[in-house]
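All remarks here apply to the structure that follows.
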Amino acid sequence: NRTAGAFVTLRIKEKLRGCMGRFKTADPLYKVIRDMAISSATRDSRFREVTPGELDDILLEISVLSEHVKIEDISDIELGRHGIYIKKGMNSGTFLPEVADSTGWDMSGPANKERHS
């Protein structure tokens, strides 16, 4: 029943199939997870809606968020443990902690840039 932001990531055979999240909410965590699971399957604009035939193959990953902490130095980031929220002007981006592990990042950026093009 505690309140917390969360992201729900859907994968099929380790390939991203959908991901949606909410940073701040007054809703209990279980409702956020329910809503983000539905949104990941039906509203991620990068993918078509999940079909009933895919359900048996989907791996669901839940990331519960802690409060944002502004850092002063990049060395404050522990890859694989900390997520990153970056904002400049009207643009922003979010990287969950597992993104660094699954893509081979180190503190200088992606280890294999060809994988990300």
Side-chain angles (χ1 to χ4, degrees):
N1 283 320
R2 75 180 178 116
T3 59
F7 275 73
V8 175
T9 303
L10 307 178
R11 296 185 191 282
I12 295 179
K13 298 181 182 174
E14 298 186 28
K15 193 168 185 169
L16 183 64
R17 183 62 181 84
C19 183
M20 298 291 280
R22 189 180 303 158
F23 288 109
K24 295 191 186 260
T25 182
D27 293 332
L29 182 58
Y30 74 90
K31 287 185 179 180
V32 174
I33 292 170
R34 176 200 64 198
D35 294 348
M36 293 305 98
I38 292 167
S39 291
S40 294
T42 62
R43 295 189 185 108
D44 188 330
S45 62
R46 299 170 292 179
F47 304 97
R48 59 179 167 63
E49 286 189 12
V50 170
T51 64
E54 293 176 292
L55 293 177
D56 286 342
D57 296 324
I58 287 185
L59 173 69
L60 185 119
E61 184 176 275
I62 298 168
S63 300
V64 177
L65 306 180
S66 60
E67 291 293 319
H68 287 159
V69 175
K70 185 175 181 175
I71 62 166
E72 300 300 325
D73 190 283
I74 194 169
S75 65
D76 294 337
I77 299 170
E78 186 178 329
L79 288 178
R81 179 161 190 243
H82 297 136
I84 301 169
Y85 174 72
I86 301 168
K87 184 174 181 182
K88 183 174 182 179
M90 297 297 291
N91 299 312
S92 65
T94 303
F95 299 93
L96 299 172
E98 54 273 12
V99 171
D101 291 337
S102 67
T103 59
W105 284 14
D106 60 25
M107 289 308 287
S108 64
N112 181 353
K113 294 187 194 269
E114 289 179 22
R115 256 165 75 185
H116 305 287
S117 31

Met20 and Met36 have their tightest heavy-atom pair at O-CB, 3.7 Å
Closest heavy-atom pair, Thr42 versus Glu49, reported as atoms and distance to 0.1 Å, is O-CG, 3.5 Å
Quick check: are there more than 12 heavy atoms from other residues, nucleotides or ligands sitting under 6.0 Å from CZ of Arg81? no
Quick check for you: to the nearest 0.5 Å, what is the distance between Lys88 atom NZ and Ile86 atom CD1? 11.5 Å
For residues 52-67, please give each side-chain donor-acceptor pair under 3.5 Å, one per line with the distance, not counting sequence neighbours.
from	atom 1	to	atom 2	distance (Å)
Glu54	OE1	Arg17	NH2	3.0
Glu54	OE1	Arg48	NH1	3.4
Glu54	OE1	Thr51	N	2.8
Glu54	OE1	Thr51	OG1	3.3
Glu54	OE2	Arg17	NE	2.9
Glu54	OE2	Arg17	NH2	3.4
Ser63	OG	Glu98	OE2	3.0

Indicate yes or no for a side-chain donor-acceptor contact from Asn1 to the backbone of Pro28 under 3.5 Å, with no hydrogens or angles considered. no
How long is the span from the CG atom in Asp44 to the CG atom in Leu16, to the nearest 0.5 Å? 7.0 Å
When rounded to the nearest 0.5 angstrom, what distance separates OG1 in Thr9 from CG in Leu96? 5.5 Å
Pro97 versus Gly83, closest heavy-atom pair with distance: CG-N, 3.6 Å
For residues Cys19 and Phe7, report the shortest heavy-atom separation together with the two atoms involved. SG-CD2, 3.9 Å
If you round to the nearest 0.5 Å, how far is CZ of Arg22 from CG of Leu29? 10.5 Å
Are Phe47 and Leu10 close enough that some pair of their side-chain heavy atoms sits under 4.5 Å apart? no
Gap between atom CD1 of Ile74 and atom CG of Asp76 - 0.5 Å precision: 9.5 Å
Using 30° and 60° as the class boundaries, would you call the ring planes of His68 and Tyr85 parallel, tilted or perpendicular? parallel
Residue pair Val8 / Ser40: nearest heavy atoms and the distance that separates them: O-OG, 2.7 Å
